Amino acid sequence: MGTRWSTKSTAEHILEQAKAGVMKLKAASIDPHLVVVLVGDDPASHVYVRHKVAACEELGIRSTKIALPADVAADALLSEVMRLNRDASVHGILVQMPLPKHIDCDAVIRAIDPDKDVDGFHPINVGRLALGQPGLFPCTPMGVMALLKQTVTDLSGRRALVIGRSAIVGKPMAHLLLHANCTVTVSHSRTVDHQAVCREADIVIVAVGRPGLVDGGWLKPGSWVVDVGINEIKDPALAEKLLDGKRLDRFRATGRALVGDVNYRSALDVAELVTPVPGGVGKLTIAQLMLNTVTATELQR
Ligand code: GUN
């Protein structure tokens, strides 16, 4: 029987590093400043942005939210990003995704100054990560690495499986694990026999957006599982399968629940450590965004 893998102390450790960086910068009369650009009215994006702004406030990082209407012209958004690039009082720029369909999100990411790209999405930062050079790297994979490194000092030779190949999580995660000398496998929608691949892995990181995809039966006994997924479910049959206790009671009352990509209950029967959803990786992502904002500010000194 495994245990809940708490991310709390790792998130606190990252925040302490960020706080120390903020104090050092302020002592040098530099006021770190993150600008978050939010386009449209996606409810989840509004919640995420609120959390990001609140984290800045807690750490003494100046933040500005720029809200633009869903029908903003692509050129107007690009001009706004370029204005922020030129503004020396702005150290970090984050354009919240997803963007409305009429906007080419790759073009927006390319427009951000790589040294202000706190998300680490710009091709220059993607290249730096692939090559093992210093840069700004995506917050969730960086936070997950901090969790792994706090749990074990040397990851060398461990078999790590990343399920999902997104640019935001899967691909950068694979690079970071490789730099830590793991033997890395990436599985995805075209993988034949996910379970066979999974059963070989000491560390499994799942980021696919499919509620409860990874079942305990897939896992190697004693493995460590990081669940990056966050999915809202409304299907009672799925809720009965994935939830129990108070969470199931709450689902029955409200008709909805947030779950990860891992069947947490069955995973705990086999794995040693499993991060919960909600309350797991999300904390790491926000903490790492604060640290990336400090790093971006330092890059511009
Ligand atoms: N939308 C969901 N996650 C993220 C993220 O990490 N960064 C940005 N910019 N948008 C997101």
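As the structure is a computational prediction, the values presented were derived from the model and not from experiment. Every heavy atom of this structure was used, including side-chain atoms; hydrogens, water molecules and symmetry mates were not. Counting starts at 1 for both ligands and their atoms, following the listed order.
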Using distance only, find each side-chain donor-acceptor pair of residues 224-246 under 3.5 Å and give its atom names and separation, not counting sequence neighbours.
unit_1	atom_1	unit_2	atom_2	d
W224	NE1	E272	OE1	3.1
D227	OD1	G229	N	3.1
D227	OD1	D261	N	2.8
D227	OD2	D261	N	3.1
D227	OD2	V262	N	3.0
N231	ND2	V259	O	3.2
N231	ND2	G260	O	3.1
N231	ND2	D261	OD1	3.0
E232	OE2	R256	NH1	3.3
D235	OD1	A237	N	3.0
E240	OE1	R252	NH2	3.1
E240	OE2	R252	NE	3.4
E240	OE2	R252	NH2	3.1

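- Other residues, nucleotides and ligands contribute only 12 or fewer heavy atoms inside 6.0 Å of the CZ atom of R210.
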Side-chain polar contacts of residues 63-74 - donor-acceptor pairs under 3.5 angstrom, sequence neighbours left out - could you list them?
unit_1	atom_1	unit_2	atom_2	d
T64	OG1	H33	NE2	2.7

Please produce the table of protein N or O atoms sitting under 3.5 Å from N or O atoms belonging to ligand 1, one pair a line, distance to 0.1 Å.
unit_1	atom_1	unit_2	atom_2	d
ligand 1	1 (N)	Q96	NE2	3.2
ligand 1	1 (N)	M97	O	2.9
ligand 1	7 (N)	D119	OD1	3.0
ligand 1	7 (N)	D119	OD2	3.4
ligand 1	9 (N)	V95	O	2.8
ligand 1	9 (N)	D119	OD2	2.6
ligand 1	10 (N)	M97	N	2.9

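- Open room surrounds NE2 on H13; 12 or fewer heavy atoms of other groups in view lie less than 6.0 Å from it.
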Considering only distance and modelled atom types, tabulate donor-acceptor pairs under 3.5 Å from the side chains of residues 107-115, sequence neighbours left out.
unit_1	atom_1	unit_2	atom_2	d
D113	OD1	D115	N	2.9

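- Under 3.5 Å, the side chains of D202 and S223 contain no donor-acceptor pair of N or O atoms.
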